[in-house]
Amino acid sequence: MNAPNRIGPDLSLIRDEVRAMSAYHVPSADGMVKLDAMENPFPLPPALARQLGERLAAVALNRYPPADPAAFKRRLAQAVSLPAGMALMLGNGSDELIHLVIQGCAKPGASVLSPWPSFVMYDMSARFDGCGFVGVPLTADFALDRAAMLAAITEHRPAVIFIAWPNNPTGNLFDRATVEAIIDAAPGLVVLDEAYLPFAQDTWLPQLAARPNLLVLRTLSKLGLAGIRLGYLCGDPAWIGEFDKLRPPYNVNVLTLATADLLLDHLDVLDAQAAQLRAERARVLAALRGLTGVTAFDTAANFILLRVSDPDRVFAHLKQQGILIKNVSRMHPLLAGCLRSTVGAPSENDAFVAALTAALTSS
Ligand code: PMP
């Protein structure tokens, strides 16, 4: 039988802004020292991993998750000291929550604003929902440009402003008073994204009750649970109630819920790992600052932004030595020459510093 004449898919059906996008790129890291994605390098202690295995074996995989895991959310709220009267909702990673906030506010002509460079998903998620995206350049030393931020807010009246606290990929915390001025000036919501809380130990959560247009976004990813995909969004129950309508039912699966539920009883383990990573961060930063030809910027996160004269060559050299970091040098003009490296386990950090040293001396 002759195959019918097949005409290729007519992609004009797809929205122009989607066709113009590139997919979020995740490079392969097989067999490499993985310092590109801000993961916690430490596994769970074996006894806890065994306990988790038993807990997961008892989960009813044949059942849907609870549509609203209220008991788990209450435990989480207590564990993170959610202020009285505030609410939280869960997301399949904080990525999903970024998307839901924008989706909820994406009226025709709405825009999303963020200091820039920052986390790429703010821009991508805005475009997913047909919103304009306004990236307001940081200053050359990666601080908020207060005048430019306030002017852009006046000009664009953004529905949502995202501020990463600390910022990715620069790693720094912004000036708190400037963020307060932005919250005061914002005509819409301001989301403080605290993905790196375990390393910054600095939060806006207690401000929620006093600032009705503030939301605080968090994730368990950087604490050591990136694989289970669990984020949470905190704010006034009225806001959370609206965004919760957009949440796909069952967006957080039963294995994730069971894992997080057990880990809430063992946060001390993850906190100790974060403390070790903070100590490693200081050690790596000191080592990098001892190298000629590297500028290593201050960081409150579990990664370090560094500038070298030839980032492509240094990145390629590290990769060839089996060490994967992120080349952000073409992300934005302010990041010219920059590479971003996650703080890993001590042996990984030693390998990184040694390979970087070799790369700098081999030019
Ligand atoms: N916010 C910021 C600032 C991030 O850097 C990241 C991850 N790189 C996320 C949110 C997303 O985290 P997740 O979806 O794993 O919760």
Side-chain angles (χ1 to χ4, degrees), residues 23-27 29 34-41 76 80 88-103 112-126 128 133 135 138 142 144 160-174 179 190-200 202-205 215-234 243 247-248 251-253 256-257 259-260 263 270 274 277 281 299-305 324-328 331-332 335 338 340-344:
Y24 188 88
H25 175 62
V26 180
K34 195 169 181 310
L35 300 178
D36 65 327
M38 285 79 90
E39 292 144 326
N40 171 343
L76 179 63
V80 303
L88 61 77
M89 67 182 282
L90 306 178
N92 188 350
S94 48
D95 280 344
E96 182 179 50
L97 295 164
I98 292 168
H99 192 135
L100 293 181
V101 169
I102 295 175
Q103 212 179 5
V112 172
L113 183 146
S114 172
W116 211 246
S118 188
F119 184 40
V120 288
M121 288 310 293
Y122 307 150
D123 177 2
M124 285 185 77
S125 299
F128 291 162
F133 179 78
L138 297 170
F142 307 135
L144 285 176
V160 190
I161 298 174
F162 285 94
I163 298 178
W165 184 269
N167 192 39
N168 171 16
T170 57
N172 55 315
L173 286 173
F174 298 125
V179 174
V190 179
V191 180
L192 263 292
D193 180 345
E194 299 186 344
Y196 299 96
L197 175 76
F199 313 101
D202 190 311
T203 179
W204 287 79
L205 205 63
L215 296 172
V216 171
L217 180 64
R218 291 193 179 166
T219 177
L220 300 192
S221 292
K222 316 298 171 186
L223 191 59
L225 300 174
I228 71 169
R229 314 299 300 127
L230 188 65
Y232 57 102
L233 178 70
C234 310
F243 296 125
R247 185 176 58 82
N251 63 328
V252 178
N253 74 74
T256 293
L257 284 173
T259 305
L263 267 292
L270 300 177
L277 291 169
R281 173 178 71 190
T299 174
N302 63 338
F303 59 85
I304 299 173
L305 187 76
L324 186 65
I325 62 170
K326 189 158 168 114
N327 186 350
V328 295
M331 238 182 97
H332 189 277
L335 296 174
C338 288
R340 187 195 68 196
S341 178
T342 306
V343 177

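Predicted, not measured: the structure shown is a model, and the values here were computed from it. Numbering of ligands and ligand atoms starts at 1, following listing order. Only this structure's heavy atoms are used, side chains among them; waters, hydrogens and symmetry mates stay out.
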> Which residue pairs pass the salt bridge (charged side-chain N to carboxylate O under 4.0 Å, His left out) test with at least one member in residues 215-227, sequence neighbours excluded?
Replying inline: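 For residues 215-227: Glu194-Arg218.
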
Among all protein heavy atoms, pick the one closest to [atom] and tell me residue, atom and distance.
{"atom": "atom 12 (O) of ligand 1", "answer": "Ser94 OG, 3.2 Å"}
{"atom": "atom 6 (C) of ligand 1", "answer": "Phe119 CZ, 3.4 Å"}
{"atom": "atom 4 (C) of ligand 1", "answer": "Tyr196 OH, 3.7 Å"}
{"atom": "atom 1 (N) of ligand 1", "answer": "Asp193 OD2, 2.6 Å"}

In terms of atom number and element, which parts of ligand 1 are under 4.0 angstrom from non-hydrogen atoms of [X]?
{"X": "Gly93", "answer": "14 (O), 16 (O)"}
{"X": "Ser221", "answer": "13 (P), 15 (O), 16 (O)"}
{"X": "Arg229", "answer": "13 (P), 14 (O), 15 (O)"}

> Do you know which of Ile102, Leu215, Leu192 makes side chain to side chain contact (heavy atoms under 4.5 Å, CB included) with Phe162?
Replying inline: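 That would be Ile102; it is the only one of Ile102, Leu215, Leu192 passing the side chain to side chain contact (heavy atoms under 4.5 Å, CB included) with Phe162.
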
> Which pair of non-hydrogen atoms, one from Arg340 and one from Asp36, has the smallest distance, and what is that distance?
Replying inline: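 Smallest heavy-atom distance, with atoms named: NH2-O, 2.8 Å.
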
> Taking only residues two or more places apart in sequence or in another chain, which ones pass salt bridge (charged side-chain N to carboxylate O under 4.0 Å, His left out) with Arg247?
Replying inline: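 Arg247 satisfies salt bridge (charged side-chain N to carboxylate O under 4.0 Å, His left out) with Asp244 once adjacent residues are dropped.
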
So [Y] and [X], do their side chains get closer than 4.5 Å, heavy atoms only?
{"X": "Leu138", "Y": "His332", "answer": "no"}
{"X": "Pro248", "Y": "Glu96", "answer": "yes"}
{"X": "Phe142", "Y": "Asn167", "answer": "no"}

> When you look for heavy atoms under 4.0 Å from ligand 1, do you find them on the side chain of Lys222, its backbone, both, or neither?
Replying inline: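 Side chain only; the backbone of Lys222 stays clear of ligand 1.
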
>> Just to be sure I read this right, does ligand 1 sit under 4.0 Å from the backbone of Ala195, its side chain, both, or neither, counting only heavy atoms?
In response: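 Side chain only; the backbone of Ala195 stays clear of ligand 1.
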
